[in-house]
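Heads up: the structure comes next, in structure tokens.
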Amino acid sequence: MHRWSRLFIPTLREAPADAEVASHKFLLRAGYIRQLGAGIYNYLPLGQRSLNKIIAIVREEMDLIGQEFFLPAILPREPWEQSGRWATMGENMFRLKDRKGADLCLGMTHEEIMTTMAGNELRSYKQLPQIWYQIQTKFRDEPRPKAGLLRVRQFTMKDSYSFDIDMTGLDKSYDLHDAVYRRIFTRCGLKFVAVEADSGAMGGSQSQEFMVYTNAGEDLIASCPVCGYAANLEKATSRLDPVNEMEATGDGKPELVSTPGCAAISDVAEFFKISPASDIKCVAYMALKHGTPDKAAGKPGAPTETWHGVATFLRGDHQVNETKLLGAVGGADLRTMQAEELSQFFNGPAGFLGPVGLSPTSKPLDEGLTVVVDKSLEGRKNLVAGANKLDYHLRNVVPGRDFKWTLLADIRSVNEVEACPQTAHDGSPCTGKLVVGKAVEVGHIFKLGYRYSESMGARVLDVNGKEVTPIMGSYGIGIERILTAAIEQSNDQNGFWLPASIAPFTVVVTVTNASDVALREAGEKLAAELDTAGLDVLLDDRDERAGVKFKDADLVGIPYRINVGKKVAAGQVELVTRATATSVDVALDEVVALVKQRVEEDGLLGAIPA
RNA sequence: CGGGACGUGGCUCAGCCUGGUAGAGCACUCGCUUGGGGUGCGAGGGGUCGGCAGUUCAAAUCUGCCCGUCCCGACCA
């Protein structure tokens, strides 16, 4: 049993001006956290208790499928050099030197370290599969920390790594994580969705994110209310309605038309009296390519970094999805072209760029201009495009006939109300319309493949005595993000409420008048009984007015409150459920059993049967 | 990194434009009061005005540089 009078719970009547999102304001006001620097926070007793409960759930569930490790947070350069990520992680990695001048970094993830160990220790297929996890502090020098604990530079992550002999094994390890993650987030009371995700620069084959819908989130999720399809916007596709094609004019060949001042899509559509869907939009980028030195050819040295021109073409009413684009061309970074680069690659100015007359490279990011055409332009006819000449456009442009490309790929973001891309078992298309919502990512699982086991030199002998490279998966959960997401999904003007499973305390006993000895003693006795019953109880024994205690109790996230007040004389107390703000009078000798029952029903305290 | 805003007791802010004794509310301490939704009254303590330099007889206020924080865009648990 804990006493409020002795605990350090510095609640704030007002939130600091810096706090913008609900979870940030309430974490500060409720005395869970205090800021130390940009994206760096002290965790106070209430916050730490809640995080500990989350960690306990994660640990309990992860132990069902894996084994806990604890790797260092401070790491030597070599493994990162070996994987190539010392160079590619760039500014996001905190780096430091020791007294001897040796390079070190703070761990932002641990693929390299786990895999090095696997490579050193694993010898035989008989030792596989292995699932190794840890709960560790991670450091990332985020360019823009924000929104309290949502995006920070130091955070706690559960990260796990699976090693399997083959793809079938990896599928199983992946599915085990999928199942355990669902149990974890369910026990933490999160309303989450699992979505298809971009597997990113790490080069995975399959990837799924666990997302909690909230406006504070930074990701956009497209989902279908009919069939349940859900995908990160970086991955989502849709079925587009057919477009009514324009009639060709003249001889049907591309025709140069003077379009003075029509630089924007809307101007062009207006000028030609066409829908923007019939105009070809161009967005021109420079893409960064990481080259690995060809050691076999005797060319050691630092990895190379080169920038290459990339022209993207898509419907005038569509937007480029830069993540998809990067994935399509295999680049590491993008920036938009400068005016000089535009004239170099297109020989034309912004606003009048078009695909006709370009010489696409045969492979992405070679010397020259990589031309990427969005799939939605495939099979289209008689379109309008920039002529690469100031104040001129072309009409009657037919993709494939009038211009070629390096790549035809899905590089656009889907929009709301576009049709769901799924098909039913009988092959009929899903009738749903996509909805796009903001969400925060609390977990991510993905199939890594051989990238790290290969580069870190992990090998085992297979059943035939042949040396093979284990296949890996990598899986993360953001501990603080679980707390943040839980607060985002359950708050009101007065504060927030957590499920008993992750709340710092399950129940607070509020003695409405501490100067009344009878009430104080009744509160003490009740709190002791709740404690004996195995509930995490906080006794508010402070010499404060009832109103102050009620306000504080409503603020700090505890799911149940028992008011010990006047009615005690009649053998009654009030049980208040924070989530619903409802109160019931209960006999003093029945309230412990009732709270226990409520917690068992709604508190998510028990483990879910495997 | 690009764009915007801000920095004054623990918190929220005023004062700055137009230079001249550093303020309010909340919080804190003490006394009384009150005792079911942040009681009321009284008395107190607490501030290098983010830092450095400059202008000036005089700088929280004007100028320059730096530091820090937040918000909007490109990255991720």
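Because the structure is predicted, anything quoted here is derived from the model rather than measured. Every chain is numbered from 1, with letters handed out A, B, ... down the list of sequences.
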So, A:Arg183 side chain and A:Glu61 main chain: donor-acceptor pair closer than 3.5 Å or not? no
Looking only at side chains, do A:His110 and A:Gln134 share a donor and an acceptor under 3.5 Å apart? yes
Atom pair distance, as rounded to whole Å: NZ in A:Lys146 and C1' in B:C75: 11 Å
Take A:Phe505 and A:His2, measure what ring-ring contact (aromatic ring centres under 6.0 Å, His included) needs, and give me the verdict at the end. CA-CA 9 Å; A:Phe505 292 96; A:His2 290 257; 5.4 Å; yes
Below 3.5 Å between N/O atoms, which protein atoms pair up with nucleotides 5-7 of chain B? Just atom names and distances, please.
none

Here's a test of your reading of the structure: between A:Glu441 and A:Pro16, which maps to the more 5' nucleotide of RNA chain B? A:Pro16
Atom pair distance, as rounded to whole Å: CD in A:Gln208 and P in B:C76: 19 Å
5'-most contact on RNA chain B (nearest-nucleotide basis), A:Glu20 vs A:Ile477, goes to A:Glu20
Between B:C72, B:A77, B:U12, which nucleotide gets closest to the side-chain atoms of A:Glu14? B:U12
Any base atoms under 4.0 Å from A:Val442, or only sugar-phosphate, or nothing? Heavy atoms, all strands. sugar-phosphate
So, taking the atom named OG in A:Ser583 and the one named CG in A:Asn563, what distance separates them when rounded to the nearest 0.5 Å? 6.5 Å
Can A:Arg6 and A:Asp541 be said to form a salt bridge (charged side-chain N to carboxylate O under 4.0 Å, His left out), step by step? CA-CA 9 Å; A:Arg6 300 307 316 152; A:Asp541 59 341; over 6 Å; no
May I have all residue pairs that pass salt bridge (Lys or Arg N to Asp or Glu O under 4.0 Å) and include part of residues 13-39 of chain A, sequence neighbours excluded? none
Would A:Arg3 and A:Glu524 pass as an ion pair if we require N to O under 4.0 Å? yes
Donor-acceptor contact below 3.5 Å, side chain A:Lys438 vs main chain A:Tyr213: no
Does the protein touch nucleotides 28-34 of chain B at the base, only the backbone, or not at all? Give it as B, S and - per nucleotide, heavy atoms under 4.0 Å. ------B
Proximity to RNA chain B (any heavy atom under 4.0 Å), residues of residues 547-558 of chain A only: A:Gly547, A:Val548, A:Phe550, A:Lys551, A:Asp552, A:Asp554
Hydrogens and angles aside, do A:Ser413 and A:His318 bring a side-chain donor and acceptor to less than 3.5 Å of each other? no
If you measure from the Lys or Arg side-chain nitrogens to the Asp or Glu carboxylate oxygens, is any gap between A:Arg182 and A:Asp178 under 4.0 Å? yes
Any side-chain donor-acceptor pair under 3.5 Å between A:Asn232 and A:Glu196? no
Integer-rounded Å distance: B:U12 P and A:Leu12 CG: 8 Å
Could you check how far CG of A:Asp18 sits from C1' of B:G10, rounded to whole Å? 14 Å
N/O donor-acceptor pair under 3.5 Å between A:Thr577 side chain and A:Ala579 backbone: no
Nearest to the side chain of A:Glu322, which nucleotide is it out of B:A77, B:C72, B:A74? B:A74
Need one value for A:Asn563: base, sugar-phosphate or nothing, where a base atom within 4.0 Å counts as base even if backbone is also close, heavy atoms only. base
Which nucleotide sits closest to the side chain of A:Arg140: B:C76, B:C70, B:C13? B:C76
Look at the side chain of A:Ala546 and decide which nucleotide, out of B:A77, B:G36, B:C72, has an atom nearest to it. B:G36
Does B:A27 have OP1 or OP2 under 4.0 Å away from a side-chain N or O of A:Arg13? yes
List the steps and the verdict of salt bridge (charged side-chain N to carboxylate O under 4.0 Å, His left out) for A:Asp552 and A:Arg542. CA-CA 11 Å; A:Asp552 271 344; A:Arg542 293 175 297 169; 3.0 Å; yes
Assign A:Glu91 to base, sugar-phosphate, or nothing according to its heavy-atom contacts below 4.0 angstrom with the strands shown. nothing
Is there a donor on the side chain of A:Arg144 or the base of B:G3 sitting less than 3.5 Å from an acceptor on the other? no
What's the base orientation of B:U18: syn (chi within 90° of 0) or anti? anti
Just checking, any donor-acceptor pair under 3.5 angstrom between side chains of A:Glu322 and A:Tyr285? yes
Measure CG/A:Asp219 against P/B:G73 and give the value in whole Å, please. 13 Å
Using heavy atoms and a sub-4.0 Å distance, could you list which residues of residues 24-42 of chain A are near RNA chain B? By number, please. A:Arg29, A:Gln35, A:Gly37, A:Ala38
For B:G44, which nucleotide in any strand shown is its Watson-Crick or wobble partner with both distances under 3.5 Å? B:C28
Scan for salt bridge (Lys or Arg N to Asp or Glu O under 4.0 Å) pairs involving residues 147-163 of chain A, sequence neighbours excluded, and state none if there are none. A:Lys138-A:Asp159, A:Asp141-A:Arg153, A:Glu142-A:Arg151, A:Arg151-A:Glu218
Give the rounded distance in Å between these two atoms: CD of A:Glu480 and P of B:C76. 19 Å
Report the base-pairing partner of B:G54 (Watson-Crick or G-U wobble, both distances below 3.5 angstrom), or none. B:C62
Quick one: look up who B:C49 pairs with, Watson-Crick or G-U, both distances under 3.5 Å, and put none if it's unpaired. none
Scan every strand shown for a Watson-Crick or G-U wobble partner of B:G73, both distances under 3.5 Å, and answer none if you come up empty. B:C1
Before accepting this row, confirm whether a basic side-chain N of the pair A:Glu111/A:Arg451 lies closer than 4.0 Å to the acidic partner's carboxylate O. no
